[in-house]
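What follows is one structure encoded as structure tokens, with my remarks underneath.
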Amino acid sequence: MTPAPTVAVLVTYYNEGELLRECLTSILAQDPPPDEVLVYDDASRIPAQPHVPEGAPVRVIRGSQNVGPGA
């Protein structure tokens, strides 16, 4: 039997604040929801973590210096 495919979503973030909450709410509302959601915070002045919906299965990875989305 072939295992079901998994879906992971990576969101890059840099100072978007409340727009991140809207983005994550939309991603998590998909049917079926993704298996994993990662947010890469590119050393923002406005940290991503406070904008993650409470209890959401989202992991935030914060960079130590801004390197841009291409990195």
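All values below were derived from every heavy atom in this structure, side-chain atoms included, with hydrogens, water molecules and symmetry-related copies excluded. Every value quoted in this text rests on a predicted model; they were computed, and no experiment measured them.
Rounding to the nearest 0.5 angstrom, the gap separating the CG atom in N66 from the CG atom in N15 is 8.5 Å. One finds the CD1 atom of I27 at 12.0 Å from the CD atom of E22 (value rounded to the nearest 0.5 Å). One distance of note links CG of D42 with OG of S64; it measures 9.5 Å at 0.5 Å rounding. For the atom pair I61 CD1 and Y40 OH, the distance stands at 8.5 Å (nearest 0.5 Å). In this structure, OG1 in T12 is found 12.0 Å from CG in L38, a value given to the nearest 0.5 Å.
Nearest heavy atom pair, residue D35 against residue P5, reads OD2-O, 4.2 Å. Closest non-hydrogen pair, P53 versus R21, comes out as CA-NH1, 3.4 Å.
Side-chain atoms of P57 and E36, non-hydrogen and from C-beta on, never get closer than 4.5 Å to each other. Put simply, the side chain of H51 reaches to within 4.5 Å of the side chain of I46, judged on heavy atoms. A 4.5 Å side-chain heavy-atom check between P47 and V60 finds every atom pair outside the cut-off.
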Q: Please test E16 against C23 for side chain to side chain contact (heavy atoms under 4.5 Å, CB included), starting from the C-alpha separation and ending with a verdict.
A: CA-CA 10 Å; E16 287 91 3; C23 175; over 6 Å; no
**Q.** Verdict with reasoning, V39 to L24, per side chain to side chain contact (heavy atoms under 4.5 Å, CB included)
**A.** CA-CA 9 Å; V39 174; L24 294 173; 4.0 Å; yes
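Environment of CZ in R62: crowded, with over 12 heavy atoms of neighbouring residues, nucleotides or ligands closer than 6.0 Å.
Cluster membership check: Y14 does not share its hydrophobic cluster with L20, using side-chain heavy-atom separations under 4.5 Å among Ile, Leu, Val, Met, Phe, Trp and Tyr.
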